[in-house]
Amino acid sequence: MNMFKESRATSISTYLALVPDERKEMVNTLHNFIHKAAPNLRVYFAHNMLGYGSFPYTNYKKEKLNWPIIALANQKNYVSIYICAIEGGEYIAEKYKEKFGKVSVGKSCIRFRKLEDINLPALKMIIQKAAKNPGLISK
């Protein structure tokens, strides 16, 4: 089972080109925003989403992967930004969820339908924190 919306993309430019017209401006704006907030994180196509930076991660199958620190994904009904980073033993997306506005927050995922729904200064702050503290909590 893949938790990400299937895409025919195999590169950053193809991924961005395949975003539906009604979301294209939002996804492009977020892509540029993330890159500007953390310019030292390498941008790449990763696991059906855009990845920014990476860290070594072992998944549930015991496979060793380079996983994105930040990821941007266009889903069927919303856009997701994944923040794979911890601070003080907590996922930082969850730790700062009250600051993000009209969004849904999981452990490392921020979901929203419109750009106006997310507090961009708060998003910038956690992107910059994530760049310094990448990783996921070990089970």
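No hydrogens, no waters, no symmetry mates; every other heavy atom, side chains included, goes into these values.
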Beyond-backbone contact of Pro68 with Tyr82, side-chain heavy atoms, under 4.5 angstrom: no
Test item: Leu16 and Leu50 side chains (from C-beta on) under 4.5 Å apart, heavy atoms: yes
Close side-chain approach of Asn133 and Ile69, heavy atoms under 4.5 Å: no
Test item: Arg113 and Lys102 side chains (from C-beta on) under 4.5 Å apart, heavy atoms: no
Single-linkage hydrophobic cluster, 4.5 Å side-chain cutoff, Tyr44 and Met49 together: no
Separation between CZ of Phe100 and CG of Leu123, rounded to the nearest 0.5 Å: 6.5 Å
Nearest heavy-atom neighbours spanning Lys99 and Ala122: O-CB, 3.5 Å
Atom of Phe112, atom of Asp117 and distance for their closest heavy-atom approach: CB-CB, 4.3 Å
Closest approach of Ile126 to Tyr96 (non-hydrogen atoms, all atoms of both residues): CG2-CD1, 3.8 Å
Partners meeting ring pair (Phe, Tyr, Trp, His ring centres under 6.0 Å) with His35 (sequence neighbours left out): none
Tyr57 side chain near Lys64 side chain, heavy-atom distance below 4.5 Å: no
Non-hydrogen side-chain atoms of Leu30 and Val79 separated by less than 4.5 Å: yes
Sub-4.5 Å side-chain heavy-atom contact between Leu136 and Ile86: no
Transitive ILVMFWY side-chain link Phe45 to Trp67, under 4.5 Å: yes
Inter-residue atom distance Leu18.CG - Asn74.CG, 0.5 Å rounding: 10.0 Å
Leu72 CG to Met26 CE distance, which is reported to the nearest 0.5 Å: 9.0 Å
Considering all heavy atoms, the nearest Ala93-Cys109 contact: CB-N, 4.4 Å
Side-chain heavy-atom pair Ile110, Ile83 within 4.5 angstrom cut-off: yes
Side-chain donor-acceptor pair present, His31, Tyr52, cut-off under 3.5 Å: yes
Other residues, nucleotides, ligands: >12 heavy atoms within 6.0 Å of Glu25 CD: no
Heavy-atom pair of closest approach, residues Ala131 and Pro134: O-CD, 4.0 Å
Inter-residue atom distance Ile81.CD1 - Ile34.CD1, 0.5 Å rounding: 4.5 Å
Lys129 side, atom NZ; Lys124 side, atom NZ - distance, nearest 0.5 Å: 14.0 Å
Side-chain (Arg23) to main-chain (Asn28) donor-acceptor, under 3.5 angstrom: no
Approximate separation, where rounding is to 0.5 Å, of Ser104 OG and Tyr78 OH: 7.5 Å
Audit row: Leu115, Thr29, side-chain contact (heavy atoms from CB on, under 4.5 Å) steps and yes/no: CA-CA 9 Å; Leu115 193 57; Thr29 297; 3.7 Å; yes
Heavy-atom closest pair, residues Ile127 and Ala37: CG2-CB, 3.8 Å
Atom NZ of Lys24 with >12 non-hydrogen neighbours under 6.0 angstrom: yes
